[in-house]
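Any value given below was found using the heavy atoms of this structure, including those in side chains, with hydrogens, waters and symmetry copies removed. When a ligand or atom number is given, it counts from 1 through the structure's own listing order.
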Amino acid sequence: MVRGLLQLHGVTVRPGDEPGELVLDPSHVESANVADIDAHAGSSRIPILFCGPLLHRLGHAFIPGLGGCDIGGRPVDFHFDVLRQFGATIEKRADGQYLEAPQRLRGTKIRLPYPSVGSTEQVLLTAVLAEGVTELSNAAVEPEIEDLICVLQKMGAIISMDTDRTIRITGVDKLDGYTHRALPDRLEAASWASAALATEGNIYVRGAQQRSMMTFLNTFRKVGGAFEIEDEGIRFWHPGGLLNAIALETDVHPGFQTDWQQPLVVALTQASGLSIVHETVYESRLGFTSALNQMGAHIQLYRECLGGSACRFGQRNFLHSAVVSGPTKLQGSDLVIPDLRGGFSYLIAALAAQGTSRVHGIDLINRGYENFMEKLVELGADVELPNGALPN
Ligand SMILES: CC(=O)N[C@H]1[C@@H](OP(=O)(O)OP(=O)(O)OC[C@H]2O[C@@H](n3ccc(=O)[nH]c3=O)[C@H](O)[C@@H]2O)O[C@H](CO)[C@@H](O)[C@@H]1O
Ligand SMILES: C=C(OP(=O)(O)O)C(=O)O
C-alpha cells in the first residue's frame, strides 16, 4: 500500500539485496493523478503523512479519505491544525483535502492537545524543511518517533528531544538519502507473547527487543507469564499454573500501548479473578470482546473510567472500560474480524478454544502481521483455508 502510493508520486521503489530491504529513489517526484490516489481512499491512514513532504517538494498535495481500523472516530484535526500553523492552506472537497503552500512553510511553536503519534510524525516531516525553528510540546515519544528522528538526522535534519515531551527542529534547506534498519515491530512481538500465554504455549520472537517493550514485559510478568531476553529476540511462555488477574490501563508511551491491549485481553480470560482494563487511547477499542463472550468469556463493558485516572472518554458515553472474569473455557465459534489487533486476538482465542473456529475476513490481519499464516502453522496450529488449500 505505501509502496503503491510512493510509486504513484513518481518514487522508484525496488527490492534491495537483503530480504525485507527496499531501495527508494525520489528524484522524479511529481503530482499523482487524483483519481489514482483516490483509489487508495479508505485503505489506510498513511496518505496523511505525505502532506508535509509533498508541500515542500511540489507546493501542493491531495489527501483522499483515510482508512485505518475502526476503533474510534480517528479525526485528523491535529494534523490539519499544525499544517495551517506552518503556513499551508487546506480546502476540503467531496473527494478529499486539497492542500497548498503558497510560500515556503515556516517553523512555528505548536502544542498538541494530546500526544498523538501520527500528528507528531506530521510535525517532524514538515518541520525538517520549514524555514526556522519549530518547537513542538506535548509530543508523542513512542520508540517509533525516536526511530523516525534517527532517520531524519541521518538525512541531515537537526532535531533535539527533551525529557518533557518537547521536540525542537531546526529547518534545513535540503535532505539527503539514508540507510536504516527499521525498528522491529514491538506490537507484533507483544501479540505473539499474548498468544503464548493464552494457549499455554512457548514462542520465540526473533527480533523482539527489551528496550521498546519494557512496559509490556512488566505487565506480562504480573499476569504470570515467563520470558527470557536474548540478544537476538525474546522467548515468551506460559510457565504452568493459574495466571493472575490484573488492573491494566492503556496510555501513550511509556504507558501500556493501546495496540497491546486486545491480544492480552484474550490471555486475561484465562487468568484467575477479575481483571480491569481501562482503554484511554481509543474510545471504541473494546467492541471486539462481544465475540469473546460468545466463545464463553465473561467480559463486561462499562462507560466509566475503571482505572487510576479519569480519561478523555469518561464523560462521553463510550464503553471504554472492561472487567474480565476468569478463568473461562473458550469454545470454537464463527468469528468476523473487526479490526487488525482485534482480528489477531480472535485467532489467539480460536487457538485457545476447544473445537473448531471459522474466522472470516483474515486478509485484514496481513496489514500488521507479515506471513502470519505460515507462522501459525510453524507453531503447530491446525489451519485450513476456505478452498481447502493448506497454508504454506
Ligand atoms: C499507522 C500507525 O502507526 N498507527 C498507530 C498510531 O495511530 P495514529 O497515529 O492514528 O494514532 P494517534 O496517536 O494519532 O491517536 C491517539 C489519539 O489521538 C486522537 N487524535 C489523533 C489525531 C488527531 O488529529 N486528532 C485526534 O483526536 C485519536 O483519535 C486518538 O484518540 O498510533 C496509535 C497509538 O499508539 C496506534 O494505535 C496505531 O497503531
Ligand atoms: C490501529 C492500528 O492501525 P491503523 O492506525 O493503521 O488503523 C493498529 O496498528 O492497531
For the residue pair [X] and [Y], confirm or rule out a side-chain donor-acceptor distance under 3.5 Å.
X: Gln209; Y: Arg186; result: no
X: Ser44; Y: Arg367; result: no
X: Glu279; Y: Thr250; result: yes
X: His278; Y: Glu249; result: yes

(message) By the definition ring-ring contact (aromatic ring centres under 6.0 Å, His included), identify the one residue from Trp192, Trp237, Phe236, Phe256 that meets it with Phe220.
(response) Phe236
(request) Taking only heavy atoms of Ile71 into account, list the atoms of ligand 2 that are under 4.0 Å away from them. (result) 1 (C)
(message) Test your reading of the structure: does Arg45 have an N or O sitting under 3.5 Å from an N or O of ligand 2?
(response) no
(request) Report yes if Leu187 has an N/O atom closer than 3.5 Å to an N/O atom of ligand 2; otherwise report no. (result) no
(message) Under a 4.0 Å threshold between the charged nitrogen and the carboxylate oxygen, would Glu188 count as salt-bridged to Lys375?
(response) yes
(message) What does the 4.0 Å heavy-atom contact list look like for ligand 1?
(response) Arg45, Arg74, Pro75, Val76, Asp77, Phe78, His79, Tyr114, Ser116, Val117, Gly118, Ser119, Gln257, Thr258, Asp259, Val281, Tyr282, Arg285, Arg312
(message) Taking 4.0 Å as the limit for heavy-atom contacts, which would you say applies to Arg285 with ligand 2: side chain only, backbone only, both, or neither?
(response) side chain
(request) Enumerate the residue pairs fulfilling side chain to side chain donor-acceptor pair (under 3.5 Å) with a member in residues 288-306, sequence neighbours excluded, ordered by first and then second residue. (result) Gln294-Ser333
(message) Suppose we call two aromatic rings close when their centres sit under 6.0 Å apart. Are Tyr369 and Phe344 close by that rule?
(response) yes
(request) Would you please determine whether Gln261 falls within less than 4.0 Å of ligand 2 on a heavy-atom basis? (result) no
